[in-house]
Amino acid sequence: QAKNLFPYNIMLIGFMGSGKSTIAKYLSHILEMEDLETDEFIVKREDMTINEIFQRKGEEYFRQCENNALRELETRQGIIISCGGGMPMKDENVELMKRNGKIVLLTASPQTIYDRVKYSNQRPLLNGNMNVEYIESLMEKRKDRYESIADIVVDTNDKPIHVIAEEVVSKL
Ligand code: S3P
């Protein structure tokens with residue numbers, strides 16, 4: 001039986017490669033809370049990979065899937081949700097996310113992000129744009145929104161996973 005130390009959901013947000021999934025798994029282990037990824041949730045619902053959804057249906061459709069996922073998850077409590085990096089960019093998602101739990105923003109420099117994601121071919125927005133400059137420009141467009149909805153911000157540059165996770169827990 002999960003301990004459920006936190007009577008709310010923990011929503012991890014941040015750029016692709018900021019460590020959301022990794023930290024969610026680690027937190028899930030130490031806090032004994034269930035974790036789930038909105039990307040995985042959508043892949044199951046749509047029965048397509050993220051790349052396929054973007055290719056066949058387009059980004060707007062994917063954003064709507066994220067909105068649907070949030071609505072479905074509204075009834076859940078005491079879970080850790082790792083959100084797709086672009087989720088907060090859709091205005092309709094912001095209120096839902098805020099209602100859904102405590103929002104933890106993980107940050108990292110463009111270079112760190114690049115080093116973490118450079119071999120990934122599962123990030124359609126970076127396919128063909130896999131370089132530090134592009135990452136920096138997309139991050140710039142998202143920064144204000146990320147910061148404005150975050151309850152907690154934790155920098156992840158040059159830190160081992162357990163240190164990042166402990167920092168998150170200490171701020172919850
Ligand atoms: C996206 C981030 C991805 C995934 C999709 C779009 C984004 O998730 O949802 O490729 O717009 O930043 P991760 O942040 O888990 O890589």
Side-chain angles (χ1 to χ4, degrees), residues 1-46 50 53 59-109 112-113 116-117 122-123 125 138-139 141-172:
Q1 185 61 36
K3 272 195 230 148
N4 206 355
L5 293 169
F6 301 102
Y8 42 78
N9 296 330
I10 301 171
M11 310 275 290
L12 294 172
I13 66 162
F15 205 79
M16 295 170 263
S18 57
K20 292 164 291 184
S21 307
T22 308
I23 298 303
K25 290 213 166 57
Y26 194 92
L27 288 175
S28 156
H29 189 69
I30 61 175
L31 300 176
E32 295 182 33
M33 287 165 78
E34 185 189 333
D35 77 299
L36 68 84
E37 276 183 48
T38 58
D39 278 359
E40 271 179 19
F41 188 90
I42 293 167
V43 164
K44 277 193 206 130
R45 281 279 182 286
E46 298 293 312
I50 301 291
I53 299 172
E59 179 169 351
E60 196 39 49
Y61 180 87
F62 178 73
R63 299 297 170 209
Q64 191 53 49
C65 294
E66 291 189 308
N67 187 267
N68 297 342
L70 273 175
R71 287 175 198 281
E72 275 195 59
L73 292 171
E74 255 201 309
T75 55
R76 307 288 306 272
Q77 258 182 17
I79 59 173
I80 301 168
I81 303 175
S82 171
C83 301
M87 184 184 275
M89 302 312 294
K90 191 174 167 83
D91 291 340
E92 299 93 295
N93 289 348
V94 171
E95 263 320 297
L96 277 169
M97 291 176 77
K98 286 195 170 173
R99 275 214 301 270
N100 217 304
K102 271 233 162 123
I103 302 184
V104 179
L105 169 62
L106 300 180
T107 59
S109 71
T112 299
I113 296 288
R116 290 179 189 162
V117 302
Q122 288 303 318
R123 287 180 163 109
L125 294 182
L138 187 54
M139 201 184 273
K141 289 192 193 124
R142 292 180 169 188
K143 193 173 178 283
D144 289 351
R145 174 60 61 90
Y146 283 165
E147 286 173 358
S148 75
I149 73 165
D151 296 303
I152 293 162
V153 183
V154 174
D155 173 72
T156 69
N157 287 294
D158 306 315
K159 287 179 194 160
I161 291 160
H162 75 276
V163 171
I164 300 166
E166 277 157 19
E167 211 173 309
V168 172
V169 173
S170 74
K171 291 178 170 176
L172 282 171

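One is the number of the first residue; the rest follow in order along the sequence.
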May I ask you to decide whether Asp91 forms a salt bridge with Arg145, counting only side-chain N to carboxylate O separations under 4.0 Å?
-> yes

Pair Glu95 + Arg99, salt bridge at N-O below 4.0 Å = no

Side chains of [X] and [Y]: does their closest heavy-atom pair fall under 4.5 Å?
| X | Y | result |
| --- | --- | --- |
| Ile164 | Val154 | yes |
| Met87 | Met97 | yes |
| Cys65 | Arg45 | no |

Qualifying residues under ring-ring contact (aromatic ring centres under 6.0 Å, His included), relative to Tyr146, sequence neighbours excluded | none

Walk me through it: do Val168 and Ile152 pass the test side-chain contact (heavy atoms from CB on, under 4.5 Å)?
-> CA-CA 8 Å; Val168 172; Ile152 293 162; 5.6 Å; no

Not counting sequence neighbours, which residues clear salt bridge (charged side-chain N to carboxylate O under 4.0 Å, His left out) with Arg71? List them please.
-> none

Atom NZ of Lys171: over 12 foreign heavy atoms under 6.0 Å | yes

Please report the interatomic distance [atom1]([X]) to [atom2]([Y]), rounded to the nearest 0.5 Å.
| X | Y | atom1 | atom2 | value |
| --- | --- | --- | --- | --- |
| Lys44 | Leu36 | NZ | CG | 8.0 Å |
| Tyr61 | Glu66 | OH | CD | 12.5 Å |
| Ile30 | Met33 | CD1 | CE | 11.0 Å |

Could you list the donor-acceptor pairs under 3.5 angstrom formed by side chains in residues 10-25, with sequence neighbours left out?
unit_1: Ser18; atom_1: OG; unit_2: Phe15; atom_2: O; d: 2.7
unit_1: Lys20; atom_1: NZ; unit_2: Gly14; atom_2: O; d: 2.8
unit_1: Lys20; atom_1: NZ; unit_2: Cys83; atom_2: O; d: 3.3
unit_1: Ser21; atom_1: OG; unit_2: Glu37; atom_2: OE2; d: 3.4

No-hydrogen, no-angle side-chain donor-acceptor test under 3.5 Å, Gln64 and Asn68 = yes

Ignoring hydrogens and angles, tell me if any N or O in the side chain of Asn9 forms a donor-acceptor pair with the backbone of Arg76 under 3.5 Å.
-> yes

Give a yes or no on whether the backbone of Leu106 and the side-chain of Thr156 come within a donor-acceptor separation of less than 3.5 Å.
-> no

